[in-house]
Amino acid sequence: MTELYDDGYTRCSWNTTDPVYLDYHDHEWGRPQYDSQKLFEMLCLEGMQAGLSWITILKRRAAYCEAFSNFDPQTVADYSVEKVEQLMENPGIIRNRLKINAIITNARMFLKLEKEQSFSQFLWSFVGGKPMIHYYKEQAAIPASTEESLLMSKALKKRGFKFVGGTICYAFMQATGMVNDHETGCFCFRKITNLDENNLSCPENDA
């Protein structure tokens with residue numbers, strides 16, 4: 001169930017009082033993202049989370065952006081073996097060779113896919129091009145994967161992407177607003193379901 005915080009806002013039960021987590025929940029998680037490069041960044045970061053907590057990755061996000069050229073696929077796709085070795089010495093990221101190589105592979109697959117259609121269009125096609133609004137009252141009711149995330153996973157794997165299992169894809173879909181999985185009592189659930197292009201942030205715009 002949602003929880004009432006000291007600032008007067010009711011938020012999803014998975015939150016903590018960590019300001020980094022709160023900011024992410026309030027201003028990014030579940031908000032529709034259509035920019036292909038931003039979607040690429042988030043898909044890579046969700047892949048990095050595998051076996052770890054999301055806050056572990058979230059607190060290293062700036063370091064990841066610096067290490068991986070702000071997730072510019074064109075640049076990352078050209079990373080050399082020497083660059084991988086440099087990344088393996090970078091204390092700001094999770095130094096897992098498989099995960100590092102997966103980001104490079106995914107950048108190359110991104111560029112290949114973009115020759116056919118935009119990465120954004122490809123990913124959003126799995127939800128019909130618009131956010132799926134769910135009505136979960138509590139965290140326990142939210143699934144780890146869905147038919148849509150499994151289909152996305154299968155399609156990405158077929159195209160050569162790595163660390164894109166069904167659970168990772170669903171977390172990615174939640175994060176980028178392809179599905180709205182804020183609990184119904186959360187103030188962001190109400191904000192997101194009534195978003196327009198001039199009202200994209202919370203809680204500041206509630207005044």
Side-chain angles (χ1 to χ4, degrees), residues 14 24 28-65 67-79 81 83-84 87-88 90 93-132 134 142-181:
W14 54 262
Y24 175 69
E28 184 173 359
W29 194 79
R31 293 177 173 271
Q33 174 61 257
Y34 295 95
D35 181 87
S36 288
Q37 186 167 323
K38 289 294 185 180
L39 289 169
F40 172 72
E41 173 188 334
M42 188 55 67
L43 186 65
C44 289
L45 290 174
E46 290 290 354
M48 297 305 97
Q49 182 193 357
L52 303 167
S53 65
W54 177 239
I55 192 64
T56 299
I57 301 302
L58 195 59
K59 288 191 171 183
R60 288 171 169 78
R61 189 175 188 176
Y64 268 102
C65 286
F68 287 93
S69 308
N70 289 314
F71 289 96
D72 172 38
Q74 192 74 57
T75 302
V76 176
D78 287 335
Y79 280 5
V81 173
K83 178 64 173 180
V84 172
L87 291 168
M88 285 294 294
N90 188 331
I93 65 173
I94 304 301
R95 288 174 284 185
N96 179 303
R97 192 177 297 275
L98 286 176
K99 290 182 175 182
I100 289 171
N101 282 323
I103 292 178
I104 300 169
T105 295
N106 289 350
R108 293 167 182 168
M109 297 305 104
F110 173 99
L111 296 177
K112 186 175 181 180
L113 190 156
E114 284 254 317
K115 293 178 181 179
E116 303 172 22
Q117 65 179 129
S118 79
F119 191 57
S120 178
Q121 288 177 335
F122 173 78
L123 294 171
W124 276 92
S125 69
F126 293 96
V127 292
K130 61 181 181 180
M132 298 178 68
H134 293 153
I142 303 175
S145 63
T146 62
E147 179 181 355
E148 291 81 11
S149 75
L150 292 172
L151 287 172
M152 179 187 288
S153 171
K154 183 177 180 180
L156 286 168
K157 287 179 179 179
K158 186 175 181 179
R159 288 178 172 271
F161 286 81
K162 306 295 183 183
F163 282 90
V164 287
T167 299
I168 288 174
C169 282
Y170 194 61
F172 164 76
M173 293 168 74
Q174 292 173 311
T176 57
M178 293 180 187
V179 296
N180 179 2
D181 275 357

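The structure presented is a predicted model; accordingly, all values stated were derived computationally and were not measured.
By the salt bridge (charged side-chain N to carboxylate O under 4.0 Å, His left out) test, E116 is found to be paired with R159, residues two or more places apart in sequence or in another chain being considered. In this structure, F163 has no ring-ring contact (aromatic ring centres under 6.0 Å, His included) partners at least two apart in sequence or on a different chain. For Y79, there are no ring-ring contact (aromatic ring centres under 6.0 Å, His included) partners, not counting sequence neighbours.
Between L43 and T176, the closest side-chain pair of non-hydrogen atoms is not below 4.5 Å. Considering only heavy atoms from C-beta on, L45 stays 4.5 Å or farther from L58 through its side chain. Using a 4.5 Å heavy-atom threshold, the side chains of M42 and E28 count as touching. Residues D181 and H134 form a side-chain contact, since some pair of their non-hydrogen atoms from C-beta on lies under 4.5 Å apart.
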Please table the atom pairs, donor to acceptor, closer than 3.5 Å between any side-chain atom in residues 144-151 and protein atoms at least two apart or in another chain.
residue : atom : partner : partner atom : Å
T146    : OG1  : E148    : N            : 3.4
T146    : OG1  : E148    : OE1          : 3.3
T146    : OG1  : S149    : N            : 3.2
S149    : OG   : T146    : N            : 2.9
S149    : OG   : T146    : O            : 3.1
S149    : OG   : G166    : O            : 3.1

Mind listing the side-chain donor-acceptor pairs of residues 96-105 below 3.5 Å, one per line with the distance, residues two or more places apart or on another chain?
residue : atom : partner : partner atom : Å
N96     : OD1  : L98     : N            : 3.0
N96     : OD1  : K99     : N            : 3.0
R97     : NH1  : E85     : OE2          : 2.7
K99     : NZ   : M48     : O            : 2.8
K99     : NZ   : A50     : O            : 2.7
N101    : ND2  : R97     : O            : 3.3
T105    : OG1  : N101    : O            : 3.1

### Task
Start with the C-alpha distance between V76 and F71, add both sets of side-chain angles, then the distance that settles side chain to side chain contact (heavy atoms under 4.5 Å, CB included), and finish with yes or no.
CA-CA 7 Å; V76 176; F71 289 96; 5.6 Å; no

### Task
Take I168 and Q49 through the side chain to side chain contact (heavy atoms under 4.5 Å, CB included) test and state the conclusion after the steps.
CA-CA 8 Å; I168 288 174; Q49 182 193 357; over 6 Å; no

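The shortest non-hydrogen separation linking G160 to N106 is O-OD1, 4.5 Å. Closest of all the heavy-atom pairs between Y170 and I142 is CE2-CG2, 4.3 Å. Of all non-hydrogen atoms in C65 and E41, the two that sit nearest each other are SG-OE2, 3.8 Å. Heavy-atom minimum distance, L113 versus S118: CD2-O, 4.1 Å. Of all the heavy atoms in F172 and M178, the pair that sits closest is CE2-CE, 3.7 Å. Nearest heavy atom pair, residue S36 against residue S120, reads OG-N, 3.0 Å.
In this structure, the separation between CD on E114 and CZ on F122 is 11.5 Å, given to the nearest 0.5 Å. A distance of 11.0 Å separates CZ of F119 from CG of D35, quoted to the nearest 0.5 Å. To the nearest 0.5 angstrom, N90 atom CG is 10.5 Å from R60 atom CZ. Taken from CG in L87 to CZ in F68, the straight-line distance is 4.5 Å, to the nearest 0.5 Å. A distance of 11.5 Å separates CZ in R108 from CD in Q74, rounded to the nearest 0.5 Å.
Separation of the W29 and W14 ring centroids falls under the 6.0 Å cut-off.
For residues 161-176, there are no salt bridge (charged side-chain N to carboxylate O under 4.0 Å, His left out) pairs, not counting sequence neighbours.
The environment of K38 atom NZ is sparse: at most 12 non-hydrogen atoms of other residues, nucleotides or ligands sit within 6.0 angstrom.
Between W124 and Y34, the ring-plane angle classifies as parallel under the 30° and 60° cut-offs.
Side-chain N or O atoms of Q37 include one that pairs as donor or acceptor with a backbone N or O of N70 at under 3.5 Å.
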